[in-house]
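Structure record follows, encoded as structure tokens.
For clarity, every value in this text was computed on a predicted model and none was experimentally measured. Ligands are counted one by one from 1 in listed order, and the atoms in each one are counted from 1 as well.
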Amino acid sequence: MMVVKAGGGKGIHYEAVCDEIAALQQRGEQPILVHGGSHLTNELAEALGHNPHFVTSPSGFTSRFTDPQTMGIFMMAYCGKTNKQIVEGLQQRGINAIGLSGIDGKLWVGKQKSAIRVVENGKTRILRGNLTGKVESVNTDLLNSLLQSGFLPVLCPPAMTSEGVAINVDGDRAAAITATAMQADQLVILSNVPGVMKDITQPSSRISEIRRTDLEDISQTFAQGRMKIKLLAAAAAIDGGVKRVVIADARLDNCISRALQGEGTSITA
Ligand code: ADP
């Protein structure tokens, strides 16, 4: 079992990801695909005159502030266009893909974090009304019954609270908890960078292997912004029993095969 997370940043082509998922299935793998949609969400928000609002926590993590209108746009981008385009692409390759968000069938249930501390212009303040949170449980019965019936699940945020409220959750961390819950051997996180780099402007500075014990140090020294969250997700997956997490470049041909052969950054216990 393998979980593949395809990012939603600029430059990611889902056609190539679909080719790779099809190739994996032909090799007898049983992948679950999790995807993002952040770039499209930003484009759609701007087109609709509702500019994206990113906030930074005191510990330096950046996230999207999600008010109800943003949640609507987020759903259009993730569950609407991106999820259905990927399902269409897989169906065209003969794979019986099924697209679900975390609210469908209570796939991903978690807690909402309505009030958050953010740093703006050097000052810390509290922002309320944020429809975000963190996945705490995965409906493995649902995923197992889909897999047993021959479907390939294509999953995306939002998740939901136990009261049924949709919450924006980080896709990398949702993929990590899914990999753990499904006892996957590997989690492949595809993004728009060659891997974790010491200098983000120098692809040759890619770190090819990281041991779990060095992960926090490497994150503190080299990762900025969203890469910090990917490394947190990687740590959670390894701690949850996943044998290997690979962070690799989605923009390359044969991106998943290359990732599995060691291109990118491989994280192990
Ligand atoms: P995705 O949408 O593909 O999940 P994110 O935007 O969440 O991707 O995270 C990937 C981004 O992390 C890269 O585009 C890059 O700008 C940023 N980043 C920060 N620090 C690093 C680093 N040390 N190595 C690689 N990327 C980094």
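Numbered from 1 in the order shown, with element, the atoms of ligand 1 that lie under 4.0 Å from a heavy atom of K5 read 4 (O). Per-residue contacts place V196 under 4.0 angstrom from the following atoms of ligand 1 (heavy atoms of the residue considered): 24 (N).
Closest heavy-atom approach to atom 21 (C) of ligand 1 among the candidates M227, K230, H39: M227. For the residues R206, M197, R251, the heavy atom positioned nearest atom 23 (N) of ligand 1 is part of M197. Nearest-heavy-atom check against atom 16 (O) of ligand 1 across I218, I200, L231 picks out I200.
Residues L260 and R244 are in side-chain contact: their nearest non-hydrogen atoms beyond the backbone lie under 4.5 Å apart.
Closest non-hydrogen pair, R64 versus T132, comes out as O-CG2, 3.8 Å. Of all heavy-atom pairs spanning G36 and Y78, the tightest one is C-CE2, 3.4 Å.
Given atom 20 (N) of ligand 1, the protein heavy atom at minimum distance is Q224 N, 3.0 Å. Closest protein heavy atom to atom 14 (O) of ligand 1: N192 OD1, 2.8 Å. Looking from atom 10 (C) of ligand 1 to the surrounding protein, the closest heavy atom is S191 OG, 3.4 Å.
Between D172 and R226 a salt bridge is recorded (basic side-chain N to carboxylate O distance below 4.0 Å). Salt-bridge formation is detected for the pair R93/E15: a Lys NZ or Arg NE/NH1/NH2 atom is positioned less than 4.0 Å from an Asp or Glu carboxylate oxygen.
For the ligand labelled ligand 1, residue G36 lies outside the 4.0 Å heavy-atom shell.
Not one N or O on the side chain of D249 forms a donor-acceptor pair closer than 3.5 Å with the backbone of C255.
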